[in-house]
Amino acid sequence: MSRLLIVSNRLPITLIRREGKMRAEPSQGGLVTGLGSVYPSSDSIWIGWCGTALERLRGQEELVQEMLREKHCHGVFLSQYDIENYYFGFSNKTIWPLFHYFLLYTIYNKHFWEAYVRVNKIFCDEVVKVANEDDVIWIHDYHLMLLPRLVRERLPNAAIGFFLHIPFVSSEVFRLLPWREDILEGILGADLVGFHTFDYVRHFAESVRRILGLEHDLGYIAIGDRNVRVDAFPMGIDYTKYSTAGELPGVKAHIKRIRKRVGDHRIILSIDRLDYTKGIPERLEVFDLFMEKNPEFREKVTLILVAIPSRTGVEHYRMLKRRVDELVGRINGKYGSIGWMPVWYLYRAVPFEMLIALYTLADVALVTPLRDGMNLIAKEFVASKRDGTGVLVLSELAGAAKELGEAIIVNPNNKEQIVAAIREALMMPKEEQIERNRRMQQRLARYSIGGWVGDFIGCLEKIKARQRELAITRLSEDLIARMVDDYRKSKDRLILLDYDGTLVPFSDHPRRARPDNDVIPLIETLVKIPGNEVVIISGRDRETLEEWLGNLDVGLVAEHGVWIKERGSDWQMIERLSNDWKDEIRPVLELYADRTPGASVEEKGYSLSWHYRRADPGLASVRARELREDLTNLTCNLSVGILEGSKVIEVKDVNVNKGRAADHWLGKKDWDFVIAIGDDWTDEDMFAVLPESAYSIRVGMSVSKAKYNVNSYRDVRALLTRLRDAYAQS
Ligand code: GDG
């Protein structure tokens, strides 16, 4: 039976050794509280660190592992040194600040990085120990970004998902990281990469494109022979748990106690881990400004500030704690009176019932992080509002803002705006509060944590199914053997080959993609074999083909079929074509080339092409889309068609395509062996006209009319070499 292996830095339980005895306590934080309401379960295993350094567990590892096994967990043991450098170091002093745009807090340190690599390898060993072949492996968060690739290397066919719980920064910021390639390649070891929002998806895909040079297409990134899916999965919460928790007796008791403490004051609530990304001091400054500007609310409103201690071993967190303490003291000193303390500050984690009591009582939740991957507090607050009252003031820089549009959305750096938002929230009529919350509640109920998990895992399963389909079409050794056998037995053989991307690799400058010293002798020997007819069917112009391949005894097709040249004859046109349309289209292509640095226009006898391989990829893809639209409108009354190749848009006569050119040769003889190989959309016309018995091969792992796929021009050369040698052996 297939199981789900969840892998995260921390297990949902923390083991604490006190007076020689081990005790288990629930862990804190967004990931474990979110996923912890669905897992661990009997058909899953959660793999992670148990929260205590190896040195403190010495001799008790087996016992700990046994305790964890009972809870469907598997422990990863880490030394104090690794915790310092991998967890407090690279994870929390490098990645965390960088990925939240706190560049000045980011430390680049070789020892941190080395520990990060080492610990990811330790995690990999544990995953491999636990995993069965058909398990689904779901790796979480920024501590383990190298793990997908490491696991892939050891378990090549495993179903691996990766989810990042924090933002993925813009490529301009990500590129600052000295180990950027390793991180991207690490993540791309997964089959499915998930983020909270589409912005993060875009940032990731853009970083991959700029740093690794890999293109993305409709949410897929091709890396080697694998296609990695990248998509947004906004994490939900256990809606029922929060919407019904108000009934728990413990919650009612807490409500009473809190009411007694704050009297009938209106309550503004602020809850976060004490982290500089959450904007806690900034929020206190806003509260100060609110009190100053709105004296009528003094002695009427209390801010309950819950700050959960977090990463206390990191200097910036200790500084933050001092700053918050100071600000709370200052505000309470400035506005407080005998019967009223403006800020009630709790520096500790609160039990679940108290959390719900606070959500229930709060008139306003002030959730204003400076950056936040998602922010579950905002969602939990809304879900807990059984009577529908209460107002959420939410930062636009939290991922949750994308889904909670009915909240009052603010820029966390705009203090005046937040002051106004607090006032608006406190004055908002009840009916409006209810209407806004009900809409958000419906959305949260529909996409709860179970839906989120199901969506992610469902998507991963679909990808694996798609990979299995593609694997069936991949040209296997068995198929090659069969092809070689057919080839050997046949007498009249037609070999149709595209040029760029099929026989030779692409180059930034089309003129540089000359045939090299390996490919020329290969074709030369192939055409010498009696019964072989080789035709090179290209989109290039006649002159270039003549210059590069004219000496070979092959058939040639130029401009996708405008011109053909039989072995030993001259170039001829496939039919009379008109060029009248060019004057209308050329200026448009030139205009787009001027607007896109690196793009260029190429004019061939009966076609015009707009090349963008050397242009900035982001800009080029926008321009290419615009150009396509313009051309579609412009050409609707002309007999020309728009063709998309690899980084090129081509306009040419609709009557001309590689299919017609291929037909010319197919009709010449009763061939008993036909093979056609090509790498882009223009070759699909050629595949479409082949007889059923033909072998058709598309270079690259795209869906195609061709029967089989290979990875690259190298595979094509290897295959042609096998065919050539097969003759010598027969
Ligand atoms: C990361 C990302 C993303 C908090 N205090 C108490 C308590 N909590 C629970 C809350 C909530 C969770 O912890 C906090 O989640 P957040 O989402 O707000 O924040 P991070 O810990 O920074 O989490 C974040 C998240 O991962 C999930 O992907 O949303 O952007 O930074 O569930 O309820 N629970 C209890 N007492 C507390 O005092 N019982």
Side-chain angles (χ1 to χ4, degrees), residues 6 8-10 12 14 25-38 91-92 95-97 99-102 138-143 162-169 194-197 199-200 232-239 241-242 245 248 250-251 254 269-280 304-311 317 345-360 362 365-384 392 394-395 397-404 412 444 448-449 452-453 456:
I6 297 172
S8 67
N9 171 53
R10 290 294 290 268
T14 300
E25 279 182 8
S27 308
Q28 300 288 343
L31 192 162
V32 289
T33 25
L35 262 186
S37 59
V38 194
S91 300
N92 288 325
I95 297 295
W96 179 269
F99 278 39
H100 288 87
Y101 296 85
F102 280 74
W138 190 4
I139 299 165
H140 289 264
D141 231 1
Y142 62 101
H143 318 86
F162 176 80
F163 190 85
L164 188 73
H165 289 261
I166 63 173
F168 198 96
V169 262
F195 299 93
H196 282 306
T197 73
D199 282 343
Y200 310 154
F233 301 86
M235 187 173 179
I237 55 164
D238 185 344
Y239 184 78
K241 177 174 158 191
Y242 287 92
L248 298 171
V251 172
H254 276 294
L269 180 63
S270 157
I271 303 185
D272 317 80
R273 274 187 311 100
L274 190 65
D275 194 296
Y276 49 82
T277 61
K278 305 285 182 184
I280 301 168
I304 303 183
L305 182 82
V306 183
I308 298 114
S310 180
R311 302 171 201 168
Y317 288 74
Y345 174 35
L346 296 164
Y347 177 60
R348 61 180 165 90
V350 296
F352 177 73
E353 281 90 352
M354 175 145 174
L355 184 75
I356 301 297
L358 289 167
Y359 288 152
T360 310
L366 206 50
V367 184
T368 53
L370 304 175
R371 288 280 169 180
D372 214 336
M374 171 54 75
N375 194 296
L376 299 179
I377 301 278
K379 292 186 169 182
E380 293 166 2
F381 168 76
V382 172
S384 306
L392 173 64
L394 179 60
S395 160
L397 297 179
K402 299 270 183 274
E403 292 161 87
L404 303 177
L444 292 175
S448 70
I449 184 76
W452 178 74
V453 171
F456 188 91

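Since this is a predicted model, take the numbers as computed values, not measurements. For ligands, and for the atoms within them, numbers begin at 1 and follow the listed sequence. Positions are given from 1, in the same order as the sequence printed here.
- For Phe233 and Phe163, the ring centers sit 6.0 Å or farther from each other.
- The proximity of Met354 to ligand 1, defined as any non-hydrogen pair under 4.0 Å, does not occur for either the backbone or the side chain.
- Residue Gly373 places at least one N or O, backbone or side chain, under 3.5 Å from an N or O of ligand 1.
- The two residues His254 and Pro351 make their nearest non-hydrogen contact at NE2-CG, 4.4 Å.
- Of the protein's non-hydrogen atoms, the one nearest atom 7 (C) of ligand 1 is Gln28 OE1, 3.9 Å.
- Here the protein heavy atom with the shortest distance to atom 30 (O) of ligand 1 is Asp372 OD1, 2.5 Å.
- Near Val350, meaning under 4.0 Å from one of its heavy atoms, ligand 1 places the atoms 35 (C), 36 (N), 37 (C), 38 (O), 39 (N).
- Ligand 1 places these atoms under 4.0 Å from at least one heavy atom of Ala349: 38 (O).
- Considering Val32, Leu164, Leu35 as possible partners of His140, the one that fulfils the side chain to side chain contact (heavy atoms under 4.5 Å, CB included) test is Leu35.
- For atom 29 (O) of ligand 1, the closest non-hydrogen atom of the protein is Asn375 N, 2.8 Å.
- Judged by distance alone, with hydrogens and angles left aside, the side-chain atoms of Ser27 form a donor-acceptor pair with the main-chain N or O of Pro12 at under 3.5 Å.
- Heavy-atom contacts of Met374 reach the following atoms of ligand 1: 3 (C), 24 (C), 29 (O), 30 (O) (cutoff under 4.0 Å).
- Using a 4.0 Å cut-off between heavy atoms, Trp96 contacts ligand 1 through its side chain alone, with no backbone atom that close.
- Just one of Phe168, Tyr142, Tyr200, Phe195 meets the ring-ring contact (aromatic ring centres under 6.0 Å, His included) condition when paired with Phe99; it is Phe168.
- In terms of protein heavy atoms, atom 5 (N) of ligand 1 is closest to Ile308 CD1, 2.6 Å.
- A distance of 7.0 Å separates OG of Ser384 from CG of Leu355, quoted to the nearest 0.5 Å.
- Scanning the protein for heavy atoms near atom 25 (C) of ligand 1, the closest one is Gly30 CA, 3.9 Å.
- Near Met235, the atoms of ligand 1 lying under 4.0 angstrom from a non-hydrogen atom of the residue are 27 (C), 28 (O).
- Residue-ligand proximity, Lys278 to ligand 1, at heavy-atom distances under 4.0 Å covers atoms 18 (O), 19 (O), 20 (P), 22 (O).
- For ligand 1 and Ile377, the ligand atoms under 4.0 Å from any heavy atom of the residue are 10 (C), 18 (O).
- Of the candidates His165, Glu353, His140, His165 brings a heavy atom nearest to atom 27 (C) of ligand 1.
- The minimum heavy-atom distance between Ile377 and Asn375, with the atom names listed, is N-OD1, 3.0 Å.
- For ligand 1, the atoms closer than 4.0 angstrom to any heavy atom of Glu380 are 10 (C), 11 (C), 32 (O), 33 (O).
- Ring geometry for His100 against Trp96 counts as tilted: the plane angle lies between 30° and 60°, on a 0 to 90° scale.
- Here Leu376 has heavy atoms under 4.0 Å from ligand 1 in both its backbone and its side chain.
- Note that the CD1 atom of Ile237 and the CH2 atom of Trp452 stand 13.0 Å from one another [nearest 0.5 Å].
- In summary, the atoms of ligand 1 found under 4.0 Å from a heavy atom of Thr33, numbered by their order in the structure, are 9 (C), 11 (C), 12 (C), 13 (O), 32 (O).
- Smallest separation of non-hydrogen atoms from Gly399 and Thr197: CA-CG2, 3.8 Å.
- In this structure, the side chain of Lys278 does not engage the main chain of Ala307 through any donor-acceptor pair within 3.5 Å.
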